[in-house]
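Notes follow once the structure below has been shown.
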Amino acid sequence: MESTFKNPGFLYSLNSIMLFQEDGESNYWSDGLFYFYPELDKTFAQSLEQGRRREYIENVLAKIYQEKQELLEEKVALYQERWEKYKSQVNEAFSEAFSTDCTRQFNDMVGNITLNPVGPRFLDSRSFDVFYLNSERGALGLSLHEMVHFVWFDVWQKHFKDDKEEYERPHLKWILSEMVVETIMRDSRLSSINPYFPRDWEKGQNGCVYDYFYTMRIDGQPILETLARMYQPGHMVDFMEESYGYVKMHEAEIRSHIEESEKKGL
């Protein structure tokens, strides 16, 4: 696996941000923009129709982008240096987990450094966004999360040969893929370089998966612990089948927990 970090420019940042500022979007996804950019008036922005909302956000953030351009370029170098330092052990851990030689695959990944506090990933282009305020340690942790998705869904699709549209929010296959990042990240070669793992919930520390998975309990057990017990490195397809069967059985409970958590902003 190889990853190249770059600053794709302001228009890319704006387009990335607007993915989470559409009508009807949950505050869980949209509010981060207004937290990190208090120059934006949330109430006013959300009162506008989509086109004017984009124009308003663009006008405010264009000035901020100009002010931060030098910092963005500095982050390109810092994030790249951090990745180069640890990529060998990352490749080793991923190759073992997925029973595939990752050093010969996934060598076209791109990390786009943007103004967007939400970091989407794009399977088709094997690209992902990293918020520019992350430290180089944090950027590597977030990159590892997205790299799991790229390899996971490559192996998944070869096995299940299903519809790739179901790999995106809000489908159950997307939900499972977000949970299993924590399972795979338990490998010491990965957890040791990911500042978001392990998570101390009581101290309010950020985790390597969405907050609501840490509070989700199914059959009286934390679902992340249940998934971890199912997993054995080198048997990924077996894990995929067993874990997907489990979340399908409990889909209603899982979705209910997510919905309630997003309403509360957790």
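Position 1 is the first residue of the sequence, and the numbers go up from there.
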For the residue pair [X] and [Y], categorise the inter-ring angle as parallel (less than 30°), tilted (30 to 60°) or perpendicular (more than 60°).
| X | Y | answer |
| --- | --- | --- |
| Y231 | F239 | perpendicular |
| Y210 | W174 | tilted |
| F153 | W156 | perpendicular |

Between [X] and [Y], do the side chains contain an N or O donor and an N or O acceptor separated by less than 3.5 Å?
| X | Y | result |
| --- | --- | --- |
| N7 | Y12 | no |
| Q80 | T4 | no |
| Y86 | N91 | no |
| Q21 | E25 | no |

Would you check if [X] and [Y] make a side-chain contact, meaning some heavy-atom pair closer than 4.5 Å?
| X | Y | result |
| --- | --- | --- |
| D108 | E2 | no |
| L144 | V181 | no |
| M1 | F150 | no |

Should the pair [X]-[Y] be classified as a salt bridge under the 4.0 Å nitrogen-to-oxygen rule?
| X | Y | result |
| --- | --- | --- |
| K263 | E259 | yes |
| R121 | D129 | no |
| K173 | D163 | no |
| K164 | D124 | no |
| E225 | R186 | yes |
| R255 | E251 | yes |

Residues in side-chain contact (heavy atoms from CB on, under 4.5 Å) contact with H171, at least two apart in sequence or another chain: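 For H171 the side-chain contact (heavy atoms from CB on, under 4.5 Å) partners, ignoring immediate neighbours, are E166.
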With sequence neighbours excluded, residues passing side-chain contact (heavy atoms from CB on, under 4.5 Å) with D187: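 In terms of side-chain contact (heavy atoms from CB on, under 4.5 Å), with neighbours along the sequence ignored, D187 is linked to A93, R189, L190.
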Ring centroid separation F106 to F94 under 6.0 Å: no
Member of Y79, Y35, F36 meeting the ring-ring contact (aromatic ring centres under 6.0 Å, His included) criterion with F131: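 Single ring-ring contact (aromatic ring centres under 6.0 Å, His included) partner of F131 among Y79, Y35, F36: F36.
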Least distance between heavy atoms, K75 atom then N134 atom: NZ-O, 2.9 Å
What donor-acceptor contacts under 3.5 angstrom involve side-chain atoms of residues 55-62, with partners at least two apart or in another chain?
from, atom 1, to, atom 2, distance (Å)
Y56, OH, D41, N, 2.8
N59, ND2, E55, O, 3.2

